[in-house]
Amino acid sequence: MTLLRKTRWRVPMALAAACSLVLTGLATGYSTAATPAGPGNGACKTFDDPQWNGWTDHAELGRELHSIERSSAGRVEVEQIGTSTLGRELWSARVGTGDRVLLVQSAIHGNERTGTEALLGILRKLATGQDAATKQLLSSVTFVALPMVNPDGGELNRRMNVVAWDDVVAQYPQLAGVPRAWYHSLRGDGIELPGFDLNRDFNPDLDYVPQAADLPGRQVDAGFFLSPESRAIRDAYVGLRDEFGAVDAVVDLHHMGPCARTTGGPQDGKLISVTLDYPPLGVDDGAAYQAEWPLLDQDKSRRYALAVARGIQQAYGPQSPVAGVGRYFHPDDREYAGQGRSAFALNGSATVLFEVRGQQDDLGQKQQGMLTQSVRTGVESLLGSMASGEVDRLNGEEFFALPDYGWDTSAD
């Protein structure tokens with residue numbers, strides 16, 4: 001990966017003005033709605049609170065990463081790997097010297113923030129830890145964190161990034177006159193600014209250049225690398241693959257709805273803290289992709305996901321609310337080839353989706369620490385399992401023994 005020089009970034013004036021108005025007008029009000037809970041199963045209390053005080057914003061992230069780098073005595077390397085549409089730096093932090101590579105990205109949906117906090121906590125620990133386990137991990141694994149890959153969406157507390165379709169066409173003139181990509185919207189999360197769902201903008205052909213004939217595309221299709229954020233993530237992946245020969249695993253940190261509960265088994269009715277998933281590539285475990293993409297290994301992804309689940313469960317015990325781990329919704333025909341985890345899996349990496357319970361403005365700051373800790377423990381467990389080789393000895397079929405979940409409809 002090459003450090004990018006800090007440059008001026010020219011943002012379209014109308015788009016910049018609209019962003020300023022939206023940011024100025026964000027509400028600071030607060031209201032609550034309590035949800036009934038079954039006996040002993042824990043309450044699901046949700047909030048309508050667009051504040052994000054207590055969460056790391058983009059400016060704070062840059063300062064914190066450089067502080068970690070300075071304190072690490074050379075262990076941690078912080079680089080700018082790209083620039084968002086509105087000119088914000090996209091940061092990478094790398095630590096470890098091992099041959100096994102774990103790439104973890106967070107906040108590709110801008111209002112999903114626990115992953116950023118979890119990654120900062122892991123980096124602080126790995127930067128200065130002198131215990132034997134930390135040293136063994138650092139000699140076995142190279143860990144690369146992309147803590148905030150959609151900072152423009154993050155500053156607006158919304159899912160999408162911010163980019164007008166006309167700006168896309170200006171960069172790719174071959175797209176003039178064709179329909180917008182299916183995952184580009186004119187507004188998102190109540191904010192009248194256009195943008196992409198970045199987690200649909202990936203293609204397994206990592207050299208892909210947008211072609212007019214491919215647009216607008218469909219949900220099941222690969223994406224088009226139309227945003228600088230998705231291209232920066234791809235370039236980070238390609239740089240690591242070229243350096244090491246392969247990227248062992250990619251983890252994508254997200255949030256899901258706030259009030260999911262396990263169904264069946266000894267934890268029946270307990271609130272879910274984290275759900276995990278392998279790549280959604282359609283029927284028969286992605287068999288339709290196998291001829292063109294022979295490196296796809298769905299069992300490998302399930303082994304890595306299982307290592308995460310086992311680590312969380314062992315760290316906290318079955319009664320802890322943090323240990324509520326399950327399988328993410330994945331019917332046999334679920335197919336999202338344009339997600340980053342799908343594109344990288346088709347290139348041979350194990351990929352794991354984390355979905356932690358609730359957005360930060362669903363649950364408020366009260367549960368921030370608990371849910372951030374569950375994400376941190378999961379990533380640290382995977383690092384440890386990679387360092388020890390345990391992840392290679394797991395049976396991927398046992399992933400399906402993790403509990404399913406249903407929604408607490410009383411919270412709707």
Open item on the list: With a 4.0 Å cut-off on N to O distance, would you call R302 and D285 a salt bridge?
Closed with: yes
Task: Distance-minimising heavy-atom pair for D152 and S84 - done: OD1-OG, 2.9 Å
Open item on the list: Counting C-beta onward and ignoring hydrogens, is there a side-chain heavy-atom pair between R303 and D392 closer than 4.5 Å?
Closed with: yes
Open item on the list: Check whether D284 reaches the backbone of A287 with its side chain - one donor and one acceptor, N or O, closer than 3.5 Å.
Closed with: no
- [ ] Using a 4.5 Å cut-off on heavy atoms from C-beta on, say whether the side chain of F196 contacts that of V163.
- [x] yes
Open item on the list: Between R94 (side chain only) and R75 (backbone N and O only), is there a donor and an acceptor less than 3.5 Å apart?
Closed with: no
Open item on the list: With rounding to the nearest 0.5 angstrom, report the NE2 to CG distance, H109 to L198.
Closed with: 7.0 Å
Task: Test item: H66 side-chain N/O and L61 main-chain N/O as donor-acceptor pair under 3.5 Å - done: no
Open item on the list: Keeping D201 on the side-chain end and S230 on the backbone end, is there a donor-acceptor pair under 3.5 Å?
Closed with: no
Open item on the list: Please check this pair: side chain of N199 against backbone of Q339, looking for a donor-acceptor N/O pair closer than 3.5 Å.
Closed with: no
Task: Atom pair OG (S92) and CD1 (I233), whose distance is rounded to the nearest 0.5 Å - done: 11.0 Å
Task: Atom pair OG (S140) and CD (Q136), whose distance is rounded to the nearest 0.5 Å - done: 4.0 Å
Open item on the list: Taking side-chain contact (heavy atoms from CB on, under 4.5 Å) as the criterion, tell me which of V375, T116, T114, L146 meets it with S106.
Closed with: T116
Task: CG/D242: more than 12 non-hydrogen atoms of other groups inside 6.0 Å - done: yes
Open item on the list: Counting C-beta onward and ignoring hydrogens, is there a side-chain heavy-atom pair between Y328 and R334 closer than 4.5 Å?
Closed with: yes
Task: Expected output: side-chain R341 to main-chain Y278 donor-acceptor under 3.5 Å - done: yes
Open item on the list: Before you tell me yes or no, could you show the steps for E335 and R218 under salt bridge (Lys or Arg N to Asp or Glu O under 4.0 Å), namely the whole-Å CA-CA distance, both residues' side-chain angles and the distance that decides it to 0.1 Å?
Closed with: CA-CA 10 Å; E335 187 170 1; R218 304 169 300 158; over 6 Å; no
Open item on the list: Quick check against the 3.5 Å criterion: does N203 have a side-chain atom that pairs as donor or acceptor with the backbone of G223?
Closed with: yes
Open item on the list: Taking side-chain contact (heavy atoms from CB on, under 4.5 Å) as the criterion, tell me which of D248, L240, L382 meets it with L102.
Closed with: L382
Open item on the list: Does this structure show an ion pair linking E380 with R376, if we count only N-O contacts that are shorter than 4.0 Å?
Closed with: yes
- [ ] Might you point out which heavy atoms bring F202 and A343 nearest each other, and give the distance in Å?
- [x] CB-CB, 4.0 Å
TODO: Kindly determine whether R100 and T142 satisfy side chain to side chain contact (heavy atoms under 4.5 Å, CB included), including the steps that lead there.
DONE: CA-CA 6 Å; R100 304 193 75 160; T142 295; over 6 Å; no
TODO: Check whether the side chains of Y183 and Q219 place a donor and an acceptor atom closer than 3.5 Å, and report yes or no.
DONE: no
Open item on the list: If we ignore hydrogens and angles and just use 3.5 Å, is the side chain of E89 paired with the main-chain N or O of Q80 as donor and acceptor?
Closed with: no
TODO: Show the numbers, then the answer: is there a side chain to side chain contact (heavy atoms under 4.5 Å, CB included) between L137 and T134?
DONE: CA-CA 5 Å; L137 188 154; T134 297; 5.7 Å; no
- [ ] List the steps and the verdict of side chain to side chain contact (heavy atoms under 4.5 Å, CB included) for V78 and I68.
- [x] CA-CA 9 Å; V78 174; I68 292 170; over 6 Å; no
Open item on the list: Measuring only between side-chain heavy atoms, which start at C-beta, is F399 closer than 4.5 Å to L276?
Closed with: yes
Task: Close side-chain approach of L193 to R158, heavy-atom, < 4.5 Å - done: yes
Open item on the list: Between E390 and R310, does any side-chain N to carboxylate O distance fall below 4.0 Å?
Closed with: no
Open item on the list: Looking at every heavy atom in both N150 and I108, which two are closest together, and how far apart are they?
Closed with: ND2-O, 3.1 Å
TODO: Determine, stepwise, if the pair D404 / R261 fulfils salt bridge (Lys or Arg N to Asp or Glu O under 4.0 Å).
DONE: CA-CA 8 Å; D404 202 349; R261 296 182 182 273; over 6 Å; no
Task: Donor-acceptor contact present, side-chain S349 to main-chain A345, <3.5 Å - done: no
Open item on the list: So, taking the atom named CG in L119 and the one named CD1 in I122, what distance separates them when rounded to the nearest 0.5 Å?
Closed with: 5.5 Å
Task: Salt bridge R231-D235, side-chain N to carboxylate O under 4.0 Å - done: no
Task: Contact summary for L281 and A337, nearest pair of heavy atoms - done: CD2-CA, 4.3 Å
- [ ] Indicate yes or no: at least one non-hydrogen side-chain atom of L206 is less than 4.5 angstrom from one of F225.
- [x] yes
Open item on the list: Could you check whether H254 and F354 have their ring centres less than 6.0 Å apart?
Closed with: no
- [ ] Say whether Y316 and T377, considering side chains only, have a donor N or O and an acceptor N or O under 3.5 Å apart.
- [x] yes
Open item on the list: Keeping Q105 on the side-chain end and L103 on the backbone end, is there a donor-acceptor pair under 3.5 Å?
Closed with: no
TODO: Looking only at non-hydrogen atoms, find the nearest pair between A236 and I81 and report the distance.
DONE: CB-CD1, 4.1 Å
Open item on the list: Minimum heavy-atom separation for P204 and N347, please, with both atom names.
Closed with: O-ND2, 2.9 Å
Task: Side-chain heavy-atom pair L120, T56 within 4.5 angstrom cut-off - done: yes
TODO: Evaluate the criterion salt bridge (Lys or Arg N to Asp or Glu O under 4.0 Å) for residue pair D277 and R327; output intermediate values, then yes/no.
DONE: CA-CA 6 Å; D277 196 24; R327 289 178 289 115; over 6 Å; no
TODO: Would you indicate whether the side-chain heavy atoms of T85 and N161 approach each other to under 4.5 Å?
DONE: yes
Task: R200 side, atom CZ; D221 side, atom CG - distance, nearest 0.5 Å - done: 13.0 Å
Open item on the list: As a quick check of understanding, evaluate side chain to side chain contact (heavy atoms under 4.5 Å, CB included) for F329 and T275, giving each step before the final call.
Closed with: CA-CA 9 Å; F329 177 72; T275 59; over 6 Å; no
Open item on the list: So, taking the atom named CD in E77 and the one named OG in S72, what distance separates them when rounded to the nearest 0.5 Å?
Closed with: 10.0 Å
